[in-house]
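Written out below as C-alpha coordinates is the structure these notes cover.
What you see below is based on every heavy atom in this structure, not just the backbone, and it leaves out hydrogens, waters and symmetry mates. The shown structure was predicted, so the numbers you read here are calculated from the model rather than taken from an experiment.
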Protein chains: 2
Amino acid sequence: MDTAKILREHGLRVTPQRIAIYEALAGTKEHPSVEALYDRLRPRHPGLSLNTIYKTLQAFASAGLVRKLATHEDMHRYDANPEPHTHMVCIECGRVDDLDSKADERLAGIKDLISNDTDYDLVDHALYFYGYCPSCREKRNK
Amino acid sequence: MDTAKILREHGLRVTPQRIAIYEALAGTKEHPSVEALYDRLRPRHPGLSLNTIYKTLQAFASAGLVRKLATHEDMHRYDANPEPHTHMVCIECGRVDDLDSKADERLAGIKDLISNDTDYDLVDHALYFYGYCPSCREKRNK
DNA sequence: TATCAAGAGATAATAATTATCTATTTTCTA
DNA sequence: TAGAAAATAGATAATTATTATCTCTTGATA
Ligand SMILES: [Mn+2]
Ligand SMILES: [Mn+2]
Ligand SMILES: [Zn+2]
Ligand SMILES: [Zn+2]
(Lines give C-alpha, C1' and ligand atoms only; values in the text may rest on other atoms or scores of the structure.)
(Ligands and ions follow the chains in the order given, each with its own letter.)
Protein backbone atom coordinates (compact mmCIF):
# COMPACT_ATOMS: atom_id res chain seq x y z
CA MET A 1 0.00 0.00 0.00
CA ASP A 2 2.52 2.56 1.15
CA THR A 3 5.07 2.47 -1.58
CA ALA A 4 7.44 4.89 0.12
CA LYS A 5 7.55 2.66 3.15
CA ILE A 6 8.26 -0.41 1.07
CA LEU A 7 11.14 1.33 -0.65
CA ARG A 8 12.65 2.52 2.63
CA GLU A 9 12.35 -0.92 4.14
CA HIS A 10 14.55 -2.14 1.33
CA GLY A 11 17.11 0.56 1.94
CA LEU A 12 16.08 2.54 -1.11
CA ARG A 13 15.71 6.30 -1.29
CA VAL A 14 12.29 7.58 -2.17
CA THR A 15 11.68 9.70 -5.23
CA PRO A 16 8.56 10.38 -7.27
CA GLN A 17 10.09 8.43 -10.14
CA ARG A 18 10.77 5.39 -8.02
CA ILE A 19 7.28 5.43 -6.63
CA ALA A 20 5.80 5.65 -10.09
CA ILE A 21 8.01 2.88 -11.44
CA TYR A 22 7.35 0.55 -8.56
CA GLU A 23 3.61 1.08 -8.67
CA ALA A 24 3.48 0.56 -12.40
CA LEU A 25 5.34 -2.71 -12.05
CA ALA A 26 3.36 -3.88 -9.05
CA GLY A 27 0.13 -2.97 -10.79
CA THR A 28 0.47 -5.36 -13.69
CA LYS A 29 0.77 -9.10 -14.15
CA GLU A 30 2.40 -8.71 -17.51
CA HIS A 31 6.06 -8.91 -16.50
CA PRO A 32 6.90 -5.83 -18.55
CA SER A 33 10.21 -4.93 -20.11
CA VAL A 34 11.85 -1.58 -19.49
CA GLU A 35 10.44 -0.25 -22.74
CA ALA A 36 6.98 -1.48 -21.88
CA LEU A 37 7.11 0.28 -18.53
CA TYR A 38 8.40 3.39 -20.20
CA ASP A 39 5.47 3.47 -22.62
CA ARG A 40 3.06 2.94 -19.79
CA LEU A 41 4.54 5.65 -17.60
CA ARG A 42 5.21 8.28 -20.21
CA PRO A 43 1.70 9.76 -20.41
CA ARG A 44 1.58 10.62 -16.71
CA HIS A 45 5.31 11.20 -16.27
CA PRO A 46 6.50 13.01 -19.35
CA GLY A 47 9.90 13.84 -17.93
CA LEU A 48 10.82 10.32 -16.94
CA SER A 49 13.75 8.93 -18.86
CA LEU A 50 14.42 5.42 -20.04
CA ASN A 51 17.78 5.55 -18.33
CA THR A 52 16.14 6.22 -15.00
CA ILE A 53 13.95 3.18 -15.41
CA TYR A 54 16.97 1.04 -16.16
CA LYS A 55 18.87 2.31 -13.15
CA THR A 56 15.88 2.16 -10.87
CA LEU A 57 14.96 -1.40 -11.70
CA GLN A 58 18.57 -2.38 -11.28
CA ALA A 59 18.56 -0.82 -7.82
CA PHE A 60 15.26 -2.52 -7.00
CA ALA A 61 16.59 -5.89 -8.08
CA SER A 62 19.79 -5.50 -6.08
CA ALA A 63 17.72 -4.63 -3.05
CA GLY A 64 15.64 -7.75 -3.51
CA LEU A 65 12.48 -5.78 -4.14
CA VAL A 66 11.87 -7.02 -7.66
CA ARG A 67 13.05 -9.84 -9.87
CA LYS A 68 14.68 -9.63 -13.25
CA LEU A 69 13.58 -12.28 -15.75
CA ALA A 70 15.58 -13.81 -18.60
CA THR A 71 13.03 -15.31 -20.93
CA HIS A 72 15.16 -15.86 -24.03
CA GLU A 73 13.88 -12.71 -25.65
CA ASP A 74 16.20 -9.94 -26.74
CA MET A 75 15.46 -7.93 -23.62
CA HIS A 76 14.80 -8.55 -19.96
CA ARG A 77 11.53 -8.36 -18.12
CA TYR A 78 10.78 -7.40 -14.54
CA ASP A 79 8.49 -8.80 -11.90
CA ALA A 80 7.28 -7.06 -8.74
CA ASN A 81 7.33 -10.45 -7.05
CA PRO A 82 10.93 -11.14 -6.03
CA GLU A 83 10.27 -14.65 -4.75
CA PRO A 84 11.32 -17.49 -7.01
CA HIS A 85 8.28 -18.68 -8.89
CA THR A 86 7.54 -20.37 -12.17
CA HIS A 87 6.86 -18.59 -15.44
CA MET A 88 5.13 -19.66 -18.62
CA VAL A 89 6.47 -18.06 -21.77
CA CYS A 90 4.52 -18.13 -25.02
CA ILE A 91 6.91 -18.79 -27.88
CA GLU A 92 4.41 -17.38 -30.33
CA CYS A 93 3.32 -14.01 -28.90
CA GLY A 94 5.84 -13.49 -26.11
CA ARG A 95 3.30 -13.34 -23.34
CA VAL A 96 4.61 -14.27 -19.89
CA ASP A 97 2.35 -15.56 -17.14
CA ASP A 98 2.88 -16.86 -13.66
CA LEU A 99 2.17 -20.51 -13.27
CA ASP A 100 -1.04 -21.02 -11.34
CA SER A 101 -0.09 -20.61 -7.69
CA LYS A 102 -1.59 -23.92 -6.63
CA ALA A 103 0.56 -25.68 -9.18
CA ASP A 104 3.59 -23.66 -8.24
CA GLU A 105 3.29 -24.66 -4.62
CA ARG A 106 3.99 -28.21 -5.65
CA LEU A 107 7.36 -27.04 -6.90
CA ALA A 108 8.13 -25.00 -3.82
CA GLY A 109 10.40 -27.58 -2.29
CA ILE A 110 12.41 -27.96 -5.43
CA LYS A 111 15.38 -26.05 -4.12
CA ASP A 112 15.59 -28.03 -0.89
CA LEU A 113 15.24 -31.22 -2.86
CA ILE A 114 18.24 -30.38 -4.97
CA SER A 115 20.32 -28.84 -2.21
CA ASN A 116 21.28 -32.27 -0.97
CA ASP A 117 22.41 -33.41 -4.39
CA THR A 118 24.82 -30.69 -5.35
CA ASP A 119 28.06 -29.18 -4.16
CA TYR A 120 26.73 -25.75 -4.92
CA ASP A 121 25.49 -23.51 -2.14
CA LEU A 122 22.13 -22.53 -3.56
CA VAL A 123 20.54 -19.15 -3.08
CA ASP A 124 18.00 -18.90 -5.86
CA HIS A 125 16.45 -20.61 -8.82
CA ALA A 126 14.42 -19.86 -11.91
CA LEU A 127 12.06 -22.15 -13.77
CA TYR A 128 10.62 -21.28 -17.15
CA PHE A 129 8.20 -23.27 -19.26
CA TYR A 130 7.89 -22.56 -22.94
CA GLY A 131 4.92 -23.26 -25.13
CA TYR A 132 1.78 -21.84 -26.64
CA CYS A 133 -0.54 -19.69 -24.58
CA PRO A 134 -4.28 -20.41 -24.70
CA SER A 135 -5.05 -17.92 -27.44
CA CYS A 136 -2.09 -18.90 -29.60
CA ARG A 137 -2.95 -22.56 -29.09
CA GLU A 138 -6.43 -21.85 -30.46
CA LYS A 139 -5.07 -20.25 -33.59
CA ARG A 140 -2.72 -23.13 -34.24
CA ASN A 141 -5.43 -25.78 -34.04
CA LYS A 142 -7.05 -24.54 -37.21
CA MET B 1 31.43 -39.93 -33.35
CA ASP B 2 30.78 -39.01 -36.94
CA THR B 3 30.06 -35.34 -36.75
CA ALA B 4 29.18 -35.01 -40.43
CA LYS B 5 26.53 -37.65 -40.02
CA ILE B 6 25.07 -35.97 -36.98
CA LEU B 7 24.80 -32.69 -38.83
CA ARG B 8 23.14 -34.28 -41.84
CA GLU B 9 20.68 -36.11 -39.66
CA HIS B 10 19.58 -32.74 -38.39
CA GLY B 11 19.15 -31.37 -41.89
CA LEU B 12 22.29 -29.27 -41.68
CA ARG B 13 24.84 -28.88 -44.41
CA VAL B 14 28.34 -29.99 -43.59
CA THR B 15 31.28 -27.61 -43.69
CA PRO B 16 34.68 -27.71 -42.03
CA GLN B 17 33.64 -24.76 -39.87
CA ARG B 18 30.49 -26.47 -38.69
CA ILE B 19 32.35 -29.62 -37.84
CA ALA B 20 34.93 -27.68 -35.86
CA ILE B 21 32.30 -25.68 -34.01
CA TYR B 22 30.19 -28.68 -33.15
CA GLU B 23 33.14 -30.71 -31.95
CA ALA B 24 34.44 -27.86 -29.84
CA LEU B 25 31.07 -27.50 -28.19
CA ALA B 26 30.50 -31.22 -27.75
CA GLY B 27 33.99 -31.60 -26.35
CA THR B 28 33.53 -29.40 -23.33
CA LYS B 29 31.28 -29.38 -20.28
CA GLU B 30 31.76 -25.67 -19.80
CA HIS B 31 28.70 -24.36 -21.62
CA PRO B 32 30.77 -21.81 -23.52
CA SER B 33 29.67 -18.51 -24.94
CA VAL B 34 30.27 -17.60 -28.56
CA GLU B 35 33.37 -15.64 -27.59
CA ALA B 36 34.68 -18.53 -25.53
CA LEU B 37 34.27 -20.89 -28.47
CA TYR B 38 35.91 -18.38 -30.74
CA ASP B 39 38.98 -18.15 -28.51
CA ARG B 40 39.19 -21.89 -28.32
CA LEU B 41 38.87 -22.41 -32.06
CA ARG B 42 41.04 -19.59 -33.28
CA PRO B 43 44.43 -21.30 -32.88
CA ARG B 44 43.53 -24.20 -35.13
CA HIS B 45 41.08 -22.29 -37.35
CA PRO B 46 42.59 -18.87 -37.94
CA GLY B 47 40.14 -17.92 -40.67
CA LEU B 48 37.01 -18.64 -38.70
CA SER B 49 34.93 -15.58 -37.98
CA LEU B 50 32.87 -14.72 -34.97
CA ASN B 51 29.92 -14.09 -37.23
CA THR B 52 30.09 -17.63 -38.54
CA ILE B 53 29.97 -18.99 -35.02
CA TYR B 54 26.92 -16.90 -34.26
CA LYS B 55 25.13 -18.02 -37.40
CA THR B 56 26.18 -21.62 -37.02
CA LEU B 57 25.03 -21.96 -33.44
CA GLN B 58 21.78 -20.32 -34.37
CA ALA B 59 21.31 -22.88 -37.12
CA PHE B 60 22.24 -25.70 -34.74
CA ALA B 61 19.76 -24.49 -32.15
CA SER B 62 16.97 -24.16 -34.71
CA ALA B 63 17.66 -27.68 -35.85
CA GLY B 64 17.44 -28.95 -32.28
CA LEU B 65 21.05 -30.04 -32.25
CA VAL B 66 22.19 -27.75 -29.46
CA ARG B 67 20.59 -25.66 -26.74
CA LYS B 68 20.97 -21.97 -26.12
CA LEU B 69 21.19 -20.99 -22.45
CA ALA B 70 20.07 -17.74 -20.82
CA THR B 71 21.89 -17.61 -17.53
CA HIS B 72 21.36 -13.97 -16.61
CA GLU B 73 24.79 -12.99 -17.84
CA ASP B 74 25.32 -10.38 -20.52
CA MET B 75 25.71 -13.02 -23.19
CA HIS B 76 24.28 -16.41 -24.04
CA ARG B 77 25.91 -19.78 -23.64
CA TYR B 78 25.52 -22.95 -25.67
CA ASP B 79 25.19 -26.58 -24.76
CA ALA B 80 25.75 -29.58 -27.02
CA ASN B 81 23.01 -31.35 -25.11
CA PRO B 82 19.70 -30.13 -26.51
CA GLU B 83 17.54 -31.99 -24.02
CA PRO B 84 16.03 -29.94 -21.22
CA HIS B 85 18.20 -30.41 -18.17
CA THR B 86 19.06 -28.45 -15.07
CA HIS B 87 21.95 -26.02 -14.74
CA MET B 88 23.82 -24.67 -11.76
CA VAL B 89 25.16 -21.16 -12.20
CA CYS B 90 27.80 -19.74 -9.89
CA ILE B 91 26.96 -16.15 -9.09
CA GLU B 92 30.55 -15.49 -8.07
CA CYS B 93 32.70 -16.83 -10.93
CA GLY B 94 30.11 -17.48 -13.65
CA ARG B 95 30.80 -21.17 -13.93
CA VAL B 96 27.91 -23.24 -15.28
CA ASP B 97 27.56 -26.95 -14.51
CA ASP B 98 24.99 -29.57 -15.25
CA LEU B 99 23.14 -30.79 -12.24
CA ASP B 100 24.24 -34.29 -11.35
CA SER B 101 22.31 -36.57 -13.67
CA LYS B 102 20.93 -38.73 -10.87
CA ALA B 103 19.48 -35.66 -9.26
CA ASP B 104 18.19 -34.34 -12.53
CA GLU B 105 16.30 -37.53 -13.21
CA ARG B 106 14.15 -36.76 -10.25
CA LEU B 107 13.02 -33.62 -12.05
CA ALA B 108 12.44 -35.34 -15.34
CA GLY B 109 8.69 -35.53 -14.94
CA ILE B 110 8.38 -31.89 -14.07
CA LYS B 111 6.93 -30.92 -17.41
CA ASP B 112 4.27 -33.61 -17.36
CA LEU B 113 3.44 -32.68 -13.80
CA ILE B 114 2.76 -29.10 -14.80
CA SER B 115 1.09 -29.85 -18.11
CA ASN B 116 -2.11 -30.72 -16.32
CA ASP B 117 -2.14 -27.48 -14.37
CA THR B 118 -1.81 -24.93 -17.10
CA ASP B 119 -3.63 -23.77 -20.19
CA TYR B 120 -0.35 -23.52 -22.03
CA ASP B 121 0.66 -26.14 -24.53
CA LEU B 122 4.16 -26.89 -23.27
CA VAL B 123 7.04 -27.78 -25.50
CA ASP B 124 10.11 -27.04 -23.40
CA HIS B 125 11.40 -25.84 -20.08
CA ALA B 126 14.53 -24.51 -18.46
CA LEU B 127 15.56 -24.74 -14.83
CA TYR B 128 18.47 -22.79 -13.42
CA PHE B 129 19.83 -22.83 -9.90
CA TYR B 130 22.00 -19.99 -8.70
CA GLY B 131 24.53 -20.11 -5.92
CA TYR B 132 28.18 -20.59 -5.09
CA CYS B 133 30.19 -23.31 -6.76
CA PRO B 134 32.39 -25.54 -4.57
CA SER B 135 35.53 -23.49 -5.00
CA CYS B 136 33.80 -20.15 -4.48
CA ARG B 137 32.02 -21.57 -1.45
CA GLU B 138 35.42 -22.46 0.03
CA LYS B 139 36.72 -18.96 -0.39
CA ARG B 140 33.65 -17.44 1.22
CA ASN B 141 33.88 -19.58 4.33
CA LYS B 142 37.08 -17.89 5.43
C1' DT C 1 31.05 -32.21 -63.73
C1' DA C 2 27.53 -28.44 -63.84
C1' DT C 3 24.18 -26.11 -61.27
C1' DC C 4 22.51 -23.66 -57.64
C1' DA C 5 21.26 -22.86 -53.08
C1' DA C 6 23.51 -22.20 -48.88
C1' DG C 7 27.51 -20.95 -46.08
C1' DA C 8 31.79 -18.09 -44.88
C1' DG C 9 33.93 -14.01 -43.96
C1' DA C 10 34.37 -8.96 -44.22
C1' DT C 11 31.98 -5.14 -42.95
C1' DA C 12 28.42 -2.27 -41.33
C1' DA C 13 24.27 -1.76 -38.67
C1' DT C 14 21.09 -2.67 -34.56
C1' DA C 15 19.53 -2.23 -30.27
C1' DA C 16 19.55 -3.23 -25.42
C1' DT C 17 22.04 -1.66 -21.80
C1' DT C 18 25.47 1.02 -19.32
C1' DA C 19 28.61 5.04 -18.40
C1' DT C 20 29.38 9.93 -17.71
C1' DC C 21 28.34 14.36 -16.30
C1' DT C 22 25.78 18.15 -14.10
C1' DA C 23 21.83 20.03 -11.88
C1' DT C 24 18.48 18.71 -8.62
C1' DT C 25 16.56 16.29 -4.84
C1' DT C 26 16.69 13.34 -0.48
C1' DT C 27 18.27 12.40 3.72
C1' DC C 28 20.44 13.39 7.81
C1' DT C 29 21.94 16.21 11.33
C1' DA C 30 23.24 20.40 13.98
C1' DT D 1 14.30 23.68 10.17
C1' DA D 2 18.40 25.12 7.41
C1' DG D 3 22.45 23.30 5.34
C1' DA D 4 25.79 19.76 4.01
C1' DA D 5 26.70 15.48 1.98
C1' DA D 6 25.36 11.89 -0.79
C1' DA D 7 22.43 9.93 -4.05
C1' DT D 8 19.29 10.45 -8.03
C1' DA D 9 17.36 12.19 -12.56
C1' DG D 10 17.84 13.25 -17.03
C1' DA D 11 20.60 14.41 -21.17
C1' DT D 12 23.92 12.49 -23.81
C1' DA D 13 27.40 9.51 -25.39
C1' DA D 14 29.48 4.98 -25.30
C1' DT D 15 29.51 -0.02 -25.09
C1' DT D 16 28.79 -4.46 -26.72
C1' DA D 17 26.40 -8.62 -27.88
C1' DT D 18 24.11 -9.79 -31.77
C1' DT D 19 22.27 -9.41 -36.44
C1' DA D 20 22.09 -7.80 -41.36
C1' DT D 21 24.20 -7.23 -45.90
C1' DC D 22 26.92 -8.37 -49.57
C1' DT D 23 30.15 -10.94 -52.36
C1' DC D 24 32.79 -14.88 -53.08
C1' DT D 25 33.23 -19.65 -52.30
C1' DT D 26 31.67 -24.26 -51.38
C1' DG D 27 28.67 -28.35 -50.67
C1' DA D 28 24.76 -31.14 -52.31
C1' DT D 29 22.56 -33.20 -55.95
C1' DA D 30 21.63 -35.02 -60.38
MN1 LIG E 1 5.99 -13.61 -12.06
MN1 LIG F 1 24.12 -28.54 -19.82
ZN1 LIG G 1 0.70 -16.54 -27.18
ZN1 LIG H 1 32.29 -20.09 -8.59
Side-chain angles (χ1 to χ4, degrees), chain A residues 2-24 31-39 41-42 44-63 65-78 94 96, chain B residues 2-24 31-39 41-42 44-63 65-78 94 96:
Chain A
D2 186 351
T3 302
K5 192 180 174 201
I6 294 173
L7 296 181
R8 288 203 185 88
E9 284 171 352
H10 285 80
L12 294 160
R13 290 170 79 134
V14 178
T15 68
Q17 292 87 345
R18 289 183 165 197
I19 290 175
I21 292 166
Y22 181 73
E23 292 184 347
H31 305 89
S33 66
V34 170
E35 286 279 348
L37 275 173
Y38 184 52
D39 292 342
L41 286 164
R42 205 163 3 176
R44 285 177 171 285
H45 301 83
L48 186 62
S49 83
L50 204 50
N51 188 309
T52 295
I53 302 181
Y54 272 107
K55 285 187 291 190
T56 297
L57 290 175
Q58 195 172 272
F60 286 2
S62 294
L65 177 60
V66 309
R67 170 170 290 260
K68 189 177 186 176
L69 305 182
T71 56
H72 266 171
E73 293 167 289
D74 57 358
M75 79 301 187
H76 293 107
R77 289 168 173 267
Y78 285 87
V96 177
Chain B
D2 186 351
T3 302
K5 192 180 173 199
I6 294 173
L7 295 182
R8 287 201 187 89
E9 284 172 352
H10 284 80
L12 294 160
R13 287 171 81 137
V14 177
T15 70
Q17 293 86 346
R18 289 182 165 196
I19 289 175
I21 292 167
Y22 181 74
E23 293 184 347
H31 304 89
S33 65
V34 170
E35 286 278 349
L37 277 172
Y38 185 52
D39 292 342
L41 287 164
R42 201 156 15 169
R44 285 177 170 286
H45 302 83
L48 186 62
S49 83
L50 204 50
N51 188 305
T52 295
I53 303 181
Y54 271 106
K55 284 188 291 189
T56 297
L57 291 175
Q58 195 171 272
F60 285 3
S62 294
L65 177 60
V66 308
R67 170 170 290 259
K68 188 176 186 177
L69 305 182
T71 56
H72 265 172
E73 294 167 289
D74 56 357
M75 79 302 188
H76 292 108
R77 290 168 173 267
Y78 285 87
V96 178

Provide, to the nearest angstrom, the distance between the [atom1] atom belonging to [X] and the [atom2] atom belonging to [N].
{"X": "B:Lys68", "N": "D:dT19", "atom1": "NZ", "atom2": "P", "answer": "5 Å"}
{"X": "A:Leu7", "N": "D:dT8", "atom1": "CG", "atom2": "P", "answer": "11 Å"}
{"X": "A:Arg18", "N": "D:dT8", "atom1": "CZ", "atom2": "C1'", "answer": "7 Å"}
{"X": "B:Asp74", "N": "C:dA16", "atom1": "CG", "atom2": "C1'", "answer": "11 Å"}
{"X": "B:Ile53", "N": "C:dG7", "atom1": "CD1", "atom2": "P", "answer": "16 Å"}

Inset, instruction - Output yes when at least one side-chain N/O atom of A:His76 is less than 4.0 Å from OP1 or OP2 of C:dA16, else no. - result: no
Legend entry - A:Pro16 or B:Val14, whichever maps to the more 5' nucleotide of DNA chain D: A:Pro16
Which part of the nucleic acid, if any, lies within contact of [X], taking any heavy atom under 4.0 Å across all strands shown: a base, the sugar-phosphate backbone alone, or nothing?
{"X": "B:Thr56", "answer": "sugar-phosphate"}
{"X": "A:Leu50", "answer": "nothing"}
{"X": "B:Val34", "answer": "nothing"}
{"X": "B:Thr52", "answer": "base"}

Legend entry - Position toward the 5' end of DNA chain C (nearest nucleotide), B:Arg13 or B:Gly47: B:Arg13
Identify the heavy atoms of [X] and [Y] that sit nearest to each other, and give their distance.
{"X": "A:Leu7", "Y": "A:Arg18", "value": "CD1-CB, 3.9 Å"}
{"X": "B:Leu41", "Y": "B:Ala20", "value": "CD2-O, 3.6 Å"}
{"X": "B:Leu57", "Y": "B:Tyr78", "value": "CD1-CD1, 3.5 Å"}

Inset, instruction - Evaluate the side-chain proximity of A:Gln17 to A:Thr56: yes if any heavy-atom separation is below 4.5 Å, no if none is. - result: no
Legend entry - Candidate nucleotides C:dT20, D:dT18, C:dT17, ranked by approach to the side chain of A:Tyr54 - the nearest: C:dT17
